[in-house]
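Everything below concerns the one structure shown next.
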Protein chains: 2
Amino acid sequence: MERYGPACAAVAALLSPHAEVVLHDPAEDVVLAVWNPFSGRAAGDPSLLGELDELEPGADGVLGPYPKVLADGRTLTSVTALLREPDAVMCVNLDRGPFEQAAALLSAFAAPARPRPEPLFEHDWFDRVNGVVGSAVRQRGPVQRWGKAERLAVLSELDSAGVFAVRRAAPEVARALQVSRSTVYALLAELRGEKS
Amino acid sequence: MERYGPACAAVAALLSPHAEVVLHDPAEDVVLAVWNPFSGRAAGDPSLLGELDELEPGADGVLGPYPKVLADGRTLTSVTALLREPDAVMCVNLDRGPFEQAAALLSAFAAPARPRPEPLFEHDWFDRVNGVVGSAVRQRGPVQRWGKAERLAVLSELDSAGVFAVRRAAPEVARALQVSRSTVYALLAELRGEKS
DNA sequence: GTCTGAGCTGGACGTAGTGTCCAGCGCGTG
DNA sequence: CACGCGCTGGACACTACGTCCAGCTCAGAC
C-alpha cells in the first residue's frame, strides 16, 4: 500500500476525471484503496477478482486492455497489472464514454451519412483500390517512400479483397502503387508462392 | 461568378484549410473558380461533371454529401449545390482526413484493439449473379419460360450492377440464364445500343 | 573507387478470355 | 409450306493477362 500508493495516485491524477484506479490485495481478496472512484467501490470491499482468471496475463504481467460495462451503462476500458513482492493487483478503469462521444461527434461532422447506397462495383472497385492504397498511405507514409514490405502488404490486402478478379485491375493497381505492371505480377507471385 | 463568388469565398474561409470550394459552369463544363484549392484543379479546367449524373439531387438542389477518394489517398466528403439563374454548380470538398485521424486517435486511445474486416467481393459477384437471377426467377417464373424481354431486363440489371467488369462473368451469366454466350453478347449489344 | 546483388523496368511473347460475326436450326405464325 | 425471329455453336480477331528476361539503378560491402 505504501509502496504502490503513489504510483496509483499518479495514474489517477493523469487521467482524472475519466479513470479510476483500484488497488487490490489478492491474498485477502479485498480492496486496499480506490483513487478517483466512480464505480461505487471503496476500501475494504471484497475484490471479486475471480473474473480475471479467464484472462491470460501477458509476459509483462498485464491483463487486457479489455472492455467492461457498468450497471449504469457506462462503458469502460480496463487494464490490470499483477504486482509482485509484495503481491498486489492494480486495476485502471477508463471511462470510454467521453472519448466515444467525441469520436462520434467528429465522425458525424465529417462523414457522409450514406456511405454506399448500392454496392454497384464497376466504378466502385476503382475507389476500392484508391481506398486501400489511401489508408495504407495514411498509415505508412507517401507511396514513393515505400519498400518492398509495404508493397507486399498492400498487395496482399488487395489480392485477398479479390480486386484482381476484375478486368484491368492490374495496371490500375500498378499505377496506384507507382510501380510497373511487371512488378505487380512479380510481387503477387512471391506472395502467392509463399502462402501455399 | 460575380453573383456567387462571395458565397463560395465565405464557405471556403469558414472551413479553411480543410475545405475546397469549386464553382463550375455547367453550360461550358468548365471550372470558373476555385477557392482554397488542394485537388489540383484550377479555373479553366474541364469540370468533368458527368459523374454527378448518377446521383439524384434532393428537392433543395443539393447532391450528397457523398464520399470521394483522391489519388493520393486523401478522403473527402463532398456536397454539390445546383444553382439556378444564372446556372452554376458549387462543389464543396471537405478533407475528411484530419477529422478521421482525430476520431481514430480518440477511439484508439479509449477502445480495445479491434481488427477491421475488409469486405471481399471475389466470391461475392458469383453469388450476386445467382442472387439477381434468383430473385427474377421468383418474380417471373422458371428460367426456361423466360422470353427475350425477361432476359433483357435481368441482363440490364446485371450490367448496370457492373457484373461484366469482372473476369469470366459472361460465361457464368450465360449459364445462369441458360442461354449461350453468344446470346448474352447479342442481348447486351441490343441493350447498350438502345441506351445511348 | 569498384563490385555485387536485390529490385524495378520496359518490352516481348504465349495464352486465356472477350466480343463479333455468321451459317444453321427449331419453332411459331401467316 | 414458306417465312422470319431468336437462339446456337463455332470461327475469328483482338484485348488483356500473366510470364519471362535483359538491362538499369541504387545501396551496401569491400
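So you know, we letter chains A, B, ... as the sequences are listed, proteins then strands, and number each from 1.
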Q. Side-chain contact, heavy-atom cut-off 4.5 Å: A:Trp35 with A:Leu15?
A. no

**Q.** Nearest-Å distance for atom pair CG/C1', residues A:Leu188 and D:dG18
**A.** 10 Å

Q. To the nearest 0.5 Å, how far apart are CG in B:Leu32 and CG in B:Asp25?
A. 5.0 Å

(Q) From NZ of A:Lys148 over to P of C:dT9, roughly how many Å is that when rounded to an integer? (A) 13 Å

Polar atom pairs between nucleotides 13-23 of chain C and protein, under 3.5 Å, N or O only, would you list them?
residue	atom	partner	partner atom	Å
C:dT18	OP1	B:Arg168	N	2.6
C:dG19	OP1	A:Arg167	NH1	3.4
C:dG19	OP2	B:Tyr185	OH	3.1
C:dG19	N7	B:Arg181	NH1	3.2
C:dG19	O6	B:Arg181	NH2	3.2

(Q) Counting C-beta onward and ignoring hydrogens, is there a side-chain heavy-atom pair between A:Tyr4 and A:Val21 closer than 4.5 Å? (A) no

Q) Any side-chain N or O of B:Ser180 under 4.0 Å from OP1/OP2 of D:dT8? A) yes

Q) When the distance from CG of A:Leu155 to P of C:dC8 is rounded to whole Å, what number comes out? A) 10 Å

Q.
For a 4.5 angstrom cut-off between non-hydrogen side-chain atoms, does A:Val89 reach A:Cys91?
A. yes

Q: To the nearest Å, give me how far apart CG (A:Leu177) and C1' (C:dG7) are.
A: 14 Å

Q: Take the protein atom CG of B:Leu152 and the nucleotide atom C1' of D:dC7, then report the distance between them rounded to whole Å.
A: 13 Å

**Q.** Partner set under side-chain hydrogen bond (donor to acceptor under 3.5 Å, both in side chains) for B:Ser180, not counting sequence neighbours
**A.** B:Thr183

Q) Do B:Val184 and B:Val179 touch side chain to side chain, with heavy atoms closer than 4.5 Å? A) yes

Q: Take the protein atom CG of A:Asp159 and the nucleotide atom C1' of D:dG18, then report the distance between them rounded to whole Å.
A: 14 Å

Q) For A:Arg151 and C:dG7, what is the distance between atoms CZ and P respectively, to the nearest whole Å? A) 10 Å

